[in-house]
Amino acid sequence: MNANTRPPATIIGAGLVGSLLATLLAQRGFDVEVFERRPDPRLHGFLGGRSINLALAERGLNALRKAGLADVVLAQAVMMRGRMVHAPDGSTNLQRYGLDDSEVIRSVSRGGLNILLLNAAERAGARLHFDAALADADFESGDITLASHDGSVRAHRAGSLLGCDGAGSALRAALSKATDLGERVEPLGHGYKELEIPPPEGGGFAIEANALHIWPRGNYMCIALPNTEGNFTVTLFLPNEGPFPSFATLPGAATARGFFEDQFADALALMPTFDEDWDAHPVGQLATLYLERWHLRGRAVLLGDAAHAIVPFHGQGMNAGFEDAVELAALLAAQPGDPAAVFAEFAARRKPNADAIAAMSLVNYIEMRDGVADPHYLLKRELAAALTVRAPTHFKSHYRMVSFTSLPYADCLERDRRQDALMETLLAGHDRLEGIDLGAASERVRRELPPLPQGI
Ligand code: FAD
Ligand code: 8RB
């Protein structure tokens with residue numbers, strides 16, 4: 001294809017979603033330019049410098065496969081087979097996520113993944129501009145203003161804009177001035193603090209490497225994800241305000257240490273830099289962002305966190321954003337001359353799925369932090385396991401649908417509602433599995449639930 005006839009694409013933000021979208025579009029023959037606010041992390045290291053990791057599940061991996069990057073990412077990931085639950089007395093229990101080691105999630109370094117995606121985007125022909133923050137956009141002329149950290153600004157004539165600039169999106173702010181996006185932000189009321197478990201002296205991992213660790217404590221919890229270097233990123237999730245324990249009642253490392261001695265003694269013993277980490281790392285805020293509209297005619301569209309930031313409790317924010325990138329790249333490649341139609345179709349397809357994962361992520365906080373100990377919940381888990389074995393063509397746990405398939409999130413939510421209602425009916429009047437006729441129960445599952453789509 002002649003360079004002049006390649007359809008243009010201007011991407012705002014070279015984070016996880018922007019750099020994957022740049023790769024996919026450049027691979028499909030687009031003339032891609034990307035503007036990123038931060039300096040190039042390949043030259044300057046990641047701002048903040050801390051190693052933060054993310055859980056990659058099937059949807060995200062599937063998107064990486066489409067870009068030809070799944071194998072290189074897997075080579076720098078740590079497999080997590082299940083949740084390792086740490087009780088207050090220090091005892092642990094592994095709850096597997098899937099049926100076997102083909103159903104696992106992976107812990108990957110955010111910095112490493114972003115650098116890998118930036119390199120892939122450039123290899124595919126995308127042009128990346130760093131220290132170039134979108135400051136303003138004129139959606140009539142297509143002119144955008146880009147600002148550098150030294151205060152200098154420059155103008156650029158862009159075609160349609162693809163907004164991947166994250167939860168605090170500047171493109172979203174510019175769009176809001178031109179049109180009503182129907183924006184709603186729902187704060188969770190809980191924040192988070194990042195801590196660290198380093199590798200033990202002599203190497204290896206201080207706790208089980210191949211698990212996502214959870215310390216559930218009712219109204220709050222800690223989690224830990226492994227890094228390839230042997231350390232774990234630990235995150236405490238806790239109410240911001242209110243009676244002890246809340247972040248408001250833990251002003252400094254000294255009070256926080258007492259709280260951890262009480263509630264997370266086993267973890268605290270593995271955190272030599274607890275005091276420094278507590279005082280140095282800010283409390284992060286959590287919220288869900290809903291927009292009624294994601295696009296303005298053919299001029300701009302939002303995707304990833306810019307369109308639908310969610311709470312972290314399903315580990316699906318990046319996975320959902322990667323699905324967006326795959327969907328948008330495919331639609332644009334099929335119809336490069338009609339961005340208005342593409343953006344409308346993209347938003348119509350993705351918005352119900354974004355709403356569904358937003359809802360499921362909020363529910364999973366409850367499940368992670370206290371559902372694990374509830375007897376009715378445990379009984380339902382047992383029944384779900386039995387139905388999974390007896391009716392695998394019709395029954396799949398909510399967690400497996402979300403994490404190990406690419407079934408649209410909205411379909412996962414709908415199927416899970418029907419599965420859950422049926423299980424509640426089957427469990428009525430029972431407090432043990434023994435009295436339930438599992439043959440008849442699985443017969444009913446096959447009769448009343450639609451078969452699972454194959455190969456998704
Ligand atoms: P981002 O990755 O935030 O990228 C946005 C980019 O835009 C950034 O590079 C930013 O510098 C740039 N930018 C911002 N403003 C401008 C501007 N004005 N002009 C130009 N560029 C701009 N998701 C999972 O699936 N699994 C997990 O386990 C998981 N763990 C997480 C852990 C943490 C601590 C956090 C904070 C999030 C986690 N997430 C996880 C969510 C995931 O990080 C996000 O959903 C994902 O990064 C969204 O990608 P994005 O490209 O839309 O936004
Ligand atoms: N954002 C995750 C899960 C589900 C685990 C389960 C949960 C930290 C910020 Cl909280 C969380 C999960 O149901 O057993 N899979 O992947 C990742 C999670 O938190 C990430 C690391 C996180 N995201 C701001 C902090």
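Order of appearance sets the numbers: ligands from 1, and atoms from 1 within every ligand. Any value given below was found using the heavy atoms of this structure, including those in side chains, with hydrogens, waters and symmetry copies removed.
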Atoms of ligand 1, numbered as shown, that sit under 4.0 Å from any heavy atom of Phe35: 20 (C), 21 (N)
N or O contact, Glu36 vs ligand 1, cut-off under 3.5 Å: yes
Cys164, portion touching ligand 1 at heavy-atom distance under 4.0 Å: backbone
Atoms of ligand 2, numbered as shown, that sit under 4.0 Å from any heavy atom of Ile214: 14 (O)
Val17 N/O to ligand 1 N/O under 3.5 Å: yes
Identity and distance of the protein heavy atom lying nearest atom 19 (O) of ligand 2: Ile223 CD1, 3.4 Å
Closest approach of any protein heavy atom to atom 5 (C) of ligand 2, naming residue and atom: Tyr97 OH, 3.4 Å
Side-chain ion pair, Arg38 and Asp131, N-O less than 4.0 Å: no
Quiz: residues 165-177 side-chain donor-acceptor pairs under 3.5 angstrom, not counting sequence neighbours:
| residue | atom | partner | partner atom | Å |
| --- | --- | --- | --- | --- |
| Asp165 | OD1 | Ser169 | OG | 2.6 |
| Asp165 | OD2 | Ser169 | OG | 3.3 |
| Asp165 | OD2 | Ala170 | N | 2.9 |
| Asp165 | OD2 | Leu171 | N | 3.0 |
| Ser169 | OG | Leu171 | N | 3.3 |
| Ser169 | OG | Arg172 | N | 2.8 |
| Arg172 | NE | Glu183 | OE1 | 3.4 |
| Arg172 | NH1 | Ala167 | O | 3.0 |
| Arg172 | NH1 | Ala306 | O | 2.9 |
| Arg172 | NH2 | Ala167 | O | 2.8 |
| Ser176 | OG | Arg172 | O | 3.0 |

From CD (Glu103) to OG (Ser397), nearest 0.5 Å: 8.0 Å
For atom 2 (C) of ligand 2, the protein heavy atom that lies nearest, with its residue and separation: Gly315 CA, 3.4 Å
Per-residue contact class, Phe237 against ligand 2 - non-hydrogen pairs under 4.0 Å: side chain
Any Val311 heavy atom less than 4.0 Å from ligand 2: no
Numbering as shown, the atoms of ligand 2 that approach Ala55 to under 4.0 Å (heavy-atom distance): 16 (O)
Contact check: Thr235 vs ligand 2, nitrogen or oxygen atoms, below 3.5 angstrom: no
Cationic N near anionic O, under 4.0 Å, Glu345 to Arg350: no
Donor-acceptor pair between Asn119 and Arg42 side chains, under 3.5 angstrom: yes
Sub-3.5 Å N/O-N/O distance, Ala14 and ligand 1: no
Which residue and heavy atom of the protein sit nearest atom 13 (O) of ligand 2, plus the separation: Arg83 NH2, 2.8 Å
Within-shell test, Ala132 vs ligand 1, heavy atom, strictly < 4.0 Å: yes
Short side-chain to backbone donor-acceptor contact, Lys66 and Leu24, under 3.5 Å: no
Heteroatom distance test (Asn319, ligand 1): nitrogen or oxygen, under 3.5 angstrom: yes
Carboxylate-amine/guanidinium contact Arg349 Glu323, below 4.0 Å: no
Closest protein heavy atom (residue, atom, distance) for atom 18 (C) of ligand 2: Pro312 O, 3.5 Å
Face-on cation placement of Arg184 at Tyr290 ring, 6.0 Å and 45° thresholds: yes
Asp411/Arg415 ion pair, N-O < 4.0 Å: no
Backbone or side-chain N or O of Ala167 under 3.5 Å from ligand 1 N or O: no
Met318, any N or O under 3.5 Å of ligand 1 N or O: yes
Salt bridge Asp71-Arg65, side-chain N to carboxylate O under 4.0 Å: no
Taking every non-hydrogen atom, the tightest pair across Ser406 and Asn62: OG-ND2, 3.6 Å
Ligand-side contact atoms (ligand 2) for residue partner Tyr399, heavy atom cut-off under 4.0 Å: 13 (O)
Min N/O separation Asp305 to ligand 1 under 3.5 Å: yes
Subset of ligand 1 atoms that lie under 4.0 Å from at least one heavy atom of Arg38: 8 (C), 9 (O), 11 (O)
Atom indices of ligand 2 within 4.0 angstrom of Tyr192 heavy atoms, with elements: 24 (C)
Nearest protein heavy atom with distance in Å, relative to atom 4 (C) of ligand 2: Phe313 O, 3.7 Å
His314 and ligand 2 - part of the residue with a heavy-atom distance under 4.0 Å: backbone
Numbered atoms of ligand 1 (with element) below 4.0 Å of Gly304, judged on heavy atoms: 52 (O)
For Arg96 against Arg381, the heavy-atom pair lying closest together: O-NH2, 4.1 Å
Sub-4.0 Å heavy-atom approach of Ala133 to ligand 1: yes
Atoms of ligand 1 close to Ala170 [distance to a heavy atom under 4.0 angstrom, numbered from 1]: 18 (N)
Identified side-chain contact (heavy atoms from CB on, under 4.5 Å) counterpart of His190 within the set Met221, Glu241, Arg369, Gln285: Arg369
Residue pair Lys193, Asp277: steps toward the salt bridge (Lys or Arg N to Asp or Glu O under 4.0 Å) verdict: CA-CA 9 Å; Lys193 176 89 79 176; Asp277 289 347; over 6 Å; no
Backbone or side-chain N or O of Glu194 under 3.5 Å from ligand 2 N or O: no
Pair Glu276, His281: side-chain N/O donor-acceptor within cut-off below 3.5 Å: no
Sub-4.0 Å heavy-atom contact, His314 with ligand 1: no
Ligand-residue contact atoms, ligand 1 with Glu194, heavy atoms, under 4.0 Å: 34 (C)
Residue portion contacting ligand 2 (non-hydrogen atoms closer than 4.0 Å) for Leu54: neither
Contacting atoms of ligand 1, where contact means under 4.0 angstrom from a heavy atom of Leu16: 2 (O), 47 (O), 51 (O)
Ligand 1 contact on Gln316 by region, counting heavy-atom pairs under 4.0 Å: backbone
Part of Thr233 with heavy atoms under 4.0 Å of ligand 2, whether side chain, backbone, both or neither: neither
Ligand 1 N/O within reach of Ala55 N/O, cut-off under 3.5 Å: yes
His129 versus Glu33, side-chain donor and acceptor atoms under 3.5 Å: yes
Lys/Arg-Asp/Glu bridge criterion (N-O < 4.0 Å) met for Lys380, Asp420: yes
Residue pairs passing the ring pair (Phe, Tyr, Trp, His ring centres under 6.0 Å) test where at least one lies in residues 74-127, sequence neighbours excluded: His86-His213, His86-Trp215, Tyr97-Tyr399
Distance-only polar pair, side chains of His308 and Asp324, donor-acceptor under 3.5 Å: yes
Salt bridge flag under 4.0 Å for residues Glu367 and Arg83: yes
